Amino acid sequence: MQLTSECELPNSKHLAILHLMDFDPIKLELYKNILTSVSEEMGVTLQRTAFSPNIKERLDFSCAVFDASGQMIAQAAHIPVHLGSMPLSVLAAIEHTEMEPGDIVVLNDPYRGGTHLPDITLVAPVFGETSANSPDFFVANRAHHADVGGMTPGSMPLATSVIQEGIRIPPVKLVRGGELDIDLWELILANVRTPTERRGDMEAQLAANRIGERRLQEMVAKYGMSEIEVYMQELCSYSSRMVRSFLQEIPDGIYTFSDFLDNDGITDEPIEICVAIEIKDDTAVVDFSGTSGQVRGSVNAIYAITVSAVFYTFRCIAGEDVPSNAGCLEPIQIIAPEGSVINAKFPAAVAGGNVETSQRIVDVLFGALAKSCPDRIPAASCGSMSNITVGGHDVSRGRDFTYYETIAGGMGARPNGNGIDAIHTHMTNTMNTPIEAIETSYPMQVEQYAIRRGTGGAGEFQGGAGIVRSLRLLTDAEVTILSERRVFQPYGLQGGEAGQLGRNVLIRDGEELPLAGKATFAIQEGDVIQIETPGGGGYGKDENE
């Protein structure tokens, strides 16, 4: 998880937290690192065995370890929007299936434990003791697949219903007793545009869970399940105490903020997201009442995304090296009205909620907290993953292709320094797709890839600059762009100026044709798509002005 602000507890408070413990703090640290290393090794396995550039190059995946009840115990430093929401996927798998040794459950349905359809999650039980009748752990990984069917290549369409976005998979067993369900496997692959790529990526996900299962079984054999259970629970309790200690440093009160999504891609109406954070002693109530209702377009977020954004925000500013697990949310109550754009009901379209609305939820959370602890909160970052999908038939290779990428932008300036240029921030933590990988794997040529200088907001500390990414198509194709901050600028803080808006352009025969922030269109061989991402907001008034 990429931290974007600093907030250190005084050493005396840290010692006070340790003093409360009735267990060995050295062992606690060891178990934290052992469990985290399991998640990290799962991730390495997934990356190295994946087929698509989206997973092996961009690292658009996440892995985590859960206890027997489905509580997240440890995670690798992967994608925040995945990790905060994955516990609901594990709980859905536990609720809807009875898992036995060798089983693996697959799901992606946003309304039954998923987030948006391209994110396919695999959940596996881990039986640590030979006589165990129920799992001692669960391991799970989630990977964004570059296509899962639906009305446009890349499965990120400007849809009005989740039905249009691709194949929906409820929690079902993909592997039973170690044997792959070939019928289900073939059903999934029959509903995507690039089945060879999907097969390779899902096989990598299966391998990642098997590695996690093996490492946890080795851990049980070495240390015993009784001690491991104690320390898993103590890790969650420790995280809860750390977050509570941070909350006690914030003055009691209610802190509010609101910001807007540009539109839903169907109409031009802005969509408001409101939050009121009530801090009382060592607890917080995060209330999104007043937020716009769910919309026709695909920027609706399901509840798990909102939980994920809250988890990320408070995990960032808690400051110390708080173990990242279920305990982080224990002192925090979340109120997200059902039927709103941040807790949508079936059959709302949700492809963009995961990637765009999640970013704006973080923006409003930081905006509210900036009123309570301004010396810890950065200005708004670019606020968009600037998603682009391109798909069609690659004549030169004789195969269909789907390309998906999120493009980085400017990071918001901090209370003690400039924002970083050209970086993924907040709910995304992916890499870029290298130029070599794009030109090797797809019928595209990278015309320009550069920092978009001067796009960060001015201030005592400058916001980070965005990116210019220009792609020339070498075949006819269909393109979908799903981006934000093309209407509402990333805000500055404490007198800093807003970051510049993003811009999307189609260049045909040398003529620049402006594109909407959310658009689907046919592209011709030789056309260039140019994505210019927003800069981050500035922090503090520039005294030289």
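Just so you know, these numbers use all the heavy atoms, side chains as well, and skip hydrogens, waters and symmetry mates. All values derive from a computational prediction rather than experimental measurement. The residues of the chain are indexed from 1 along the displayed sequence.
Between Ser239 atom OG and Ile73 atom CD1 the span is 9.0 Å, to the nearest 0.5 Å. Taking CG of Asn429 as the start and OH of Tyr312 as the end, the distance is 8.5 Å to the nearest 0.5 Å. The line from CD of Gln359 to CG of Asn354 is 10.0 Å long, rounded to the nearest 0.5 Å. Rounded to the nearest 0.5 Å, atoms CD1 (Ile273) and CD1 (Ile342) are 7.5 Å apart. Atoms CD1 and CG, on Ile104 and Leu122 in that order, are 6.5 Å from each other to the nearest 0.5 Å. Atoms CZ and CD1, from Phe137 and Ile228 in turn, are 4.5 Å apart once rounded to the nearest 0.5 Å.
A salt bridge links Arg376 to Glu249: at least one charged side-chain nitrogen sits closer than 4.0 Å to a carboxylate oxygen. Salt-bridge formation is not detected for the pair Arg176/Glu179: no Lys NZ or Arg NE/NH1/NH2 atom is positioned less than 4.0 Å from an Asp or Glu carboxylate oxygen.
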For Tyr223 and Tyr31: C-alpha separation, side-chain torsions, deciding distance, then whether ring pair (Phe, Tyr, Trp, His ring centres under 6.0 Å) applies. CA-CA 10 Å; Tyr223 300 109; Tyr31 274 110; 5.7 Å; yes

Before giving the answer on side-chain contact (heavy atoms from CB on, under 4.5 Å), spell out for Met385 and Met427 the whole-Å C-alpha distance, their side-chain angles and the decisive distance to 0.1 Å. CA-CA 9 Å; Met385 298 191 198; Met427 299 305 283; 4.1 Å; yes

Between Arg58 and Tyr404, is the side-chain contact (heavy atoms from CB on, under 4.5 Å) condition met? List the steps. CA-CA 10 Å; Arg58 288 189 58 245; Tyr404 171 72; 3.8 Å; yes

Met99/Phe127 under side-chain contact (heavy atoms from CB on, under 4.5 Å): CA gap, chis, key distance, verdict: CA-CA 10 Å; Met99 286 180 269; Phe127 293 80; 5.7 Å; no

Output, in order, the C-alpha distance, side-chain angles, deciding distance and verdict of side-chain contact (heavy atoms from CB on, under 4.5 Å) for Leu180 and Val175. CA-CA 4 Å; Leu180 183 68; Val175 179; 4.0 Å; yes

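Between Arg210 and Glu213, some side-chain heavy-atom pair lies under the 4.5 Å cut-off. Looking only at side-chain heavy atoms (C-beta outward), Glu57 and Pro434 come within less than 4.5 Å of each other. When side chains are defined from C-beta on, Leu189 counts as touching Met202, because their heavy atoms get closer than 4.5 Å. With contacts defined as side-chain heavy-atom distances shorter than 4.5 Å, the pair Phe314/Cys328 does not qualify. Contact check for Leu91 versus Leu88: side-chain heavy atoms found under the 4.5 Å cut-off. Side-chain contact check for Pro110 versus Thr115: every heavy-atom pair is 4.5 Å or farther apart. You'll find the side chain of Leu216 reaches within 4.5 Å of the side chain of Leu35, heavy atoms only. Under the 4.5 Å side-chain criterion, counting only non-hydrogen atoms from C-beta, Asp24 is in contact with Tyr231.
There is a side-chain donor-acceptor pair under 3.5 Å between Thr194 and Arg198. In this model, no donor atom of one side chain and acceptor atom of the other lie less than 3.5 Å apart for Asn209 and Gln205. For the residue pair Ser52 / Glu197, no side-chain donor-acceptor distance below 3.5 Å is found, with atom types taken as modelled. No side-chain donor-acceptor contact under 3.5 Å links Glu165 and Ser155.
Taking every heavy atom of both residues into account, Ala93 and Val105 meet most closely at CB-CG1, 3.9 Å. Taking every heavy atom of both residues into account, Asp147 and Gly154 meet most closely at OD1-N, 2.9 Å. Of all heavy-atom pairs spanning Ala348 and Asn300, the tightest one is CB-ND2, 3.7 Å. Across every non-hydrogen atom of Ala92 and Gly113, the tightest pair is CB-CA, 3.8 Å. Minimum heavy-atom separation, Glu100 to Pro125: O-CG, 3.6 Å. For Ser298 against Pro157, the heavy-atom pair with the smallest separation is OG-O, 3.4 Å.
Under the 3.5 Å distance criterion, the side-chain polar atoms of Asn325 are left unmatched by any main-chain donor or acceptor of Ala74. For the pair Arg244 (side chain) and Thr283 (backbone), a donor-acceptor distance under 3.5 Å is absent. In this structure, the side chain of Lys173 engages the main chain of Glu98 through a donor-acceptor pair within 3.5 Å. Panel note: side chain Thr406, backbone Ser386; no donor-acceptor pair is recorded below 3.5 Å. The backbone N or O of Ile211 lies less than 3.5 Å from no partner atom in the side chain of Glu41, so there is not a single donor-acceptor pair. In this structure, Ser258 contributes its side chain and Cys274 its backbone to no donor-acceptor pair below 3.5 Å. Ser308 places a side-chain N or O within donor-acceptor distance of the main-chain N or O of Val81, the cut-off being under 3.5 Å. At distances below 3.5 Å, at least one donor-acceptor pair connects side-chain atoms of Gln164 with backbone N or O atoms of Ser161. Asn54 contributes no side-chain N or O that, together with a main-chain N or O of Ala146, makes up a donor-acceptor pair within less than 3.5 Å. Put simply, the side chain of Ser372 gets close to the backbone of Leu369: a donor and an acceptor are under 3.5 Å apart.
Screening Thr121, Asp60, Asn108 against Arg142 for a side-chain hydrogen bond (donor to acceptor under 3.5 Å, both in side chains) leaves a single residue, Thr121. Residue Val295 forms a side chain to side chain contact (heavy atoms under 4.5 Å, CB included) with just one option from Thr357, Asp264, Leu261, and that option is Asp264.
Taking a 6.0 Å sphere around CD1 of Ile182, one finds it holds more than 12 heavy atoms contributed by other residues, nucleotides or ligands.
By the 30° and 60° cut-offs, the orientation of the rings of His426 relative to Phe366 is tilted.
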